[in-house]
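Here the structure comes first, spelled out in structure tokens, and everything after it is commentary.
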Amino acid sequence: MFDDPRTKARNFLESSSIVSELEDVLNHLVLEKPDDLHGFLANHFLGQSKQPQIVNLTFRQLIGPASESAMNIDLTIALRNRTERHRGLTVNLLPGKSRKNMAKQLEDLANSASLMTFLNRIDLYDQTAIDEHLVYRSLDFRSKRSYEMAKILAVDSENSNSESTATPTLTKTLNSTRGPASAGGLKGGTAPPPSKKAMSKDIQSVDILADEPEPVSYAGQLLTTGISLTCLLITAQLQQSNLFRLLQLPSITNLSMPLPIIPILQSGPTYPGKQALIKYFMLIPTPNVTHNEEWIHKVHNVIQFLRDSLASTKGATLQSTYSTGDGCLVFPMDKPEQGFDLLQNAVNTVCGTDEHYFDYAVQMGPYETFDYIRGRYEVATSLLKTPDELADTYADWIEAYPRCIMLIDPFRYADKPSLSRLCDRVSNKCYVTSTDIRRYRNENNNDDDQNTINCHLLSLDSGPTMTEFIQQTNTLRETNGYALGLFERDHQEVAQVHLADMAVGFGCRFIKLPGFLSLGGQRTSAILQRLSIIRDEIEINDGDQLEWPKQHEFIHIRSPIDTTESETLVSPTPTNVKTKDKKKRP
């Protein structure tokens with residue numbers, strides 16, 4: 001009796017409410033009388049089905065266009081009684097000796113069977129749960145990496161001890177001015193490789209606060225970020241939405257387009273010329289010209305003008321056709337001001353002096369140029385400056401070149417007093433920012449870090465999962481009115497074209513991109529095209545809710561040190577006056 005198929009069917013249907021739901025939807029179907037009957041039923045039950053579940057992760061090792069290592073991440077999803085594999089994103093490691101170990105680590109992790117299934121049966125739409133699992137897994141990655149770095153440091157220590165017995169004292173002193181930088185693990189007080197510029201003969205030892213370059217991302221972190229972003233991308237696909245809408249912060253009511261920061265010239269210790277301090281000379285289109293793509297043609301014309309100028313300059317023939325991996329031109333410079341003059345002359349020639357198409361930004365390489373013996377920055381060959389002297393130099397630049405509206409990485413992380421003094425002098429007329437991720441770590445998040453810059457320039461290194469990154473960005477927006485910028489590290493590619501969606505969804509003021517030349521130009525062009533597509537989509541579907549970038553407003557960060565000194569000489573400041581104030585660019 002109990003084996004009767006009809007009895008089994010009745011018991012099965014009565015165990016759920018499907019019969020009554022079918023009756024309800026059929027009654028609605030009769031009332032609505034839609035043209036597409038099947039579409040009406042599909043739309044009704046589409047929202048009733050279970051959420052997509054992750055089955056497993058699939059990793060494929062690839063080779064990029066520049067022979068760089070790459071790892072493709074796919075997700076297999078179970079949805080509506082079917083299992084389907086969805087294409088995710090590709091994590092690229094740009095070529096270079098320092099990336100070989102990371103590529104090998106990435107390959108080992110991707111071949112781990114447990115990694116492929118550790119998200120099994122987790123709801124794809126529950127990004128918080130996914131990222132919690134990823135954070136737990138990331139701790140395992142980090143512990144393994146710490147063990148590997150301990151072994152590397154032990155080997156390095158043995159090698160250095162053996163070499164010290166055969167190396168003259170003077171030579172060791174010269175070479176220890178700047179210690180070797182490793183890909184993520186350094187001894188305290190070490191610094192980047194020595195500058196190739198000539199060094200002064202006189203050596204005077206100075207006590208310097210030990211500071212090292214920020215740790216570089218490791219393979220486990222790249223994979224963690226890649227998996228987290230892949231889950232969001234596939235969620236957007238299944239929901240037939242855009243990634244920027246999925247990422248839109250609650251505080252963003254009207255979406256706007258970020259201002260691109262485009263590097264044009266590259267210089268520094270490893271490039272020809274005496275100039276050592278500035279790594280990149282960059283262009284930023286002004287807010288009033290970003291409503292169309294004309295400014296992009298202007299940038300290309302500026303680059304071509306510089307190419308032609310460099311080709312006709314004595315001594316620059318070999319560099320005139322040379323571009324870096326970051327898509328920039330290289331020209332031998334003897335002093336930093338030479339780069340400003342080159343860029344300003346090119347912009348004035350291409351755009352004229354009547355129209356204001358571009359502002360300038362510069363990014364320094366503080367760790368590459370800091371002399372740990374003398375306690376000074378090597379601005380150019382045999383030209384050393386203390387941090388406070390360098391702050392004076394930056395202030396002079398802002399006065400001499402008023403279109404320079406952004407200073408990136410002016411000092412080491414340890415030189416906060418000098419950074420604070422610099423902000424007191426120039427932050428009312430330009431953005432002062434840093435790419436150092438230590439400013440945005442929860443354990444190091446303090447007022448000193450947040451109140452010595454007036455612009456936050458964030459990368460995915462700041463938060464390895466998208467949930468952490470979103471929370472961090474939202475917190476920064478709510479705690480102060482500082483401008484936000486987004487960029488991706490030079491040594492890796494995770495977000496790639498999706499960086500455009502992230503910048504729009506987070507309401508970023510800036511998006512820092514590679515240059516237009518070489519492979520960097522391909523990445524930049526793809527991101528700019530994506531921004532155009534996003535702009536058109538918002539204009540079509542959101543109407544007047546698209547906001548065009550407003551004129552620059554600089555928040556003046558007053559130095560606590562200088563404020564204390566000045567208050568002893570002048571009348572006290574009223575208690576209701578804040579130490580920050582906005583100044584709108586004229």
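Bear in mind that the values here come from a model prediction, so they are computed numbers and not experimental data.
P410 and L390 make their closest contact through O-CD2, 3.9 Å (heavy atoms, listed as atom of the first residue, atom of the second, distance). Nearest heavy atom pair, residue V497 against residue A526, reads CG2-O, 3.5 Å. Across I527 and I511, no two heavy atoms sit closer than the pair CG2-CD1, 3.9 Å. Taking each heavy atom of A395 and L422 in turn, the nearest pair found is N-CD1, 4.3 Å. Taking both residues in full, the closest heavy atoms of I453 and C455 are given as CD1-O, 3.4 Å, listed atom of the first, atom of the second, then distance.
Between the side chain of T524 and the backbone N or O of P514, at least one donor-acceptor pair lies under 3.5 Å. No side-chain donor-acceptor contact under 3.5 Å links D392 to the backbone of P387. Looking only at distances, no side-chain donor or acceptor of S420 sits under 3.5 Å from a matching main-chain atom of K416. Checked by atom type and distance alone, the side chain of Y280 never pairs as donor or acceptor with a backbone atom of I262 at under 3.5 Å. With hydrogens and angles disregarded, a donor-acceptor distance shorter than 3.5 Å links the side chain of S228 to the backbone of M466. Side chain of R307 to backbone of F305: no donor-acceptor contact under 3.5 angstrom is found. Remark: the backbone N or O of Y482 is not paired with any side-chain donor or acceptor of H456 at under 3.5 angstrom. No side-chain donor-acceptor contact under 3.5 Å links D415 to the backbone of S418. Judged by distance alone, with hydrogens and angles left aside, the side-chain atoms of D409 form a donor-acceptor pair with the main-chain N or O of T435 at under 3.5 Å. Looking only at distances, a side-chain donor or acceptor of R477 sits under 3.5 Å from a matching main-chain atom of G507.
Within the model, atoms CG of L283 and CD1 of I261 stand 11.0 Å from one another, a figure rounded to the nearest 0.5 Å. Rounded to the nearest 0.5 angstrom, L458 CG and M502 CE are separated by 9.5 Å. Taken from CG in L229 to NE2 in H498, the straight-line distance is 6.0 Å, to the nearest 0.5 Å. Residue L134 holds its CG atom at 5.5 Å from CD1 of I227, rounded to the nearest 0.5 Å. Here the SG-CG distance, from C423 to L407, works out to 9.0 Å after rounding to the nearest 0.5 Å. Rounded to the nearest 0.5 Å, atoms CD1 (I405) and CZ (F554) are 5.0 Å apart.
With contacts defined as side-chain heavy-atom distances shorter than 4.5 Å, the pair V91/L89 qualifies. You'll find the side chain of M406 stays beyond 4.5 Å of the side chain of Q363, heavy atoms only. Side-chain contact between I557 and D424: absent, with no pair of heavy atoms (C-beta onward) separated by less than 4.5 Å. Looking at heavy atoms from C-beta onward, I264 lies in side-chain contact with V299 at the 4.5 angstrom threshold. When side chains are defined from C-beta on, K385 does not count as touching R376, because their heavy atoms never get closer than 4.5 Å. Side-chain contact between P285 and P260 is present, with heavy atoms from C-beta onward closer than 4.5 Å. In this structure the side chain of M71 never reaches within 4.5 angstrom of the side chain of L62, judged on heavy atoms. Annotation: side chain of N428 is not in contact with side chain of I555 (no heavy-atom distance under 4.5 Å).
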Given S267 and Q275, is the side chain to side chain donor-acceptor pair (under 3.5 Å) satisfied, shown in steps?
-> CA-CA 7 Å; S267 184; Q275 194 282 129; 2.7 Å; yes
Could you please spell out the steps behind the side-chain contact (heavy atoms from CB on, under 4.5 Å) verdict for V379 and T369?
-> CA-CA 7 Å; V379 178; T369 58; over 6 Å; no
Side chain to side chain donor-acceptor pair (under 3.5 Å) assessment of D359 paired with Y431 = CA-CA 12 Å; D359 292 310; Y431 298 103; over 6 Å; no
Side chain to side chain donor-acceptor pair (under 3.5 Å) evaluation trace for S427 with N454 = CA-CA 7 Å; S427 61; N454 63 351; 4.6 Å; no
Chi angles and distances behind the side chain to side chain donor-acceptor pair (under 3.5 Å) call for Q266, Y271 = CA-CA 8 Å; Q266 190 164 354; Y271 292 95; 3.2 Å; yes
Could you walk me through whether Y394 and L277 pass the side-chain contact (heavy atoms from CB on, under 4.5 Å) check?
-> CA-CA 11 Å; Y394 292 140; L277 181 62; 3.7 Å; yes
Please lay out, stage by stage, how Y377 and L384 fare under the test side-chain contact (heavy atoms from CB on, under 4.5 Å).
-> CA-CA 5 Å; Y377 290 91; L384 302 175; over 6 Å; no
Using the side-chain contact (heavy atoms from CB on, under 4.5 Å) rule, take F510 and L484 through it: C-alpha gap first, then chi angles, then the decisive distance, then the call.
-> CA-CA 6 Å; F510 300 103; L484 288 177; over 6 Å; no
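Aromatic pair F411/F370: centroids not less than 6.0 angstrom apart. Checked against the 6.0 Å centroid threshold, F506 and F469 count as a close aromatic pair.
Residues meeting the ring-ring contact (aromatic ring centres under 6.0 Å, His included) test with F516, sequence neighbours left out: H300. With sequence neighbours excluded, no residue forms a salt bridge (charged side-chain N to carboxylate O under 4.0 Å, His left out) with D341. With sequence neighbours left out, F281 forms a ring-ring contact (aromatic ring centres under 6.0 Å, His included) with F340.
Of the listed residues (T433, I278, V432, V362), just one forms a side chain to side chain contact (heavy atoms under 4.5 Å, CB included) with I408, and that residue is T433.
Geometric assessment of R412 against the ring of Y372 yields a positive cation-pi assignment under the 6.0 Å and 45° thresholds.
No salt bridge links E488 with K512; every basic N to acidic carboxylate O contact stays at or beyond 4.0 Å.
Counting only N and O atoms by type, the side chains of E468 and T465 include a donor and acceptor under 3.5 Å apart.
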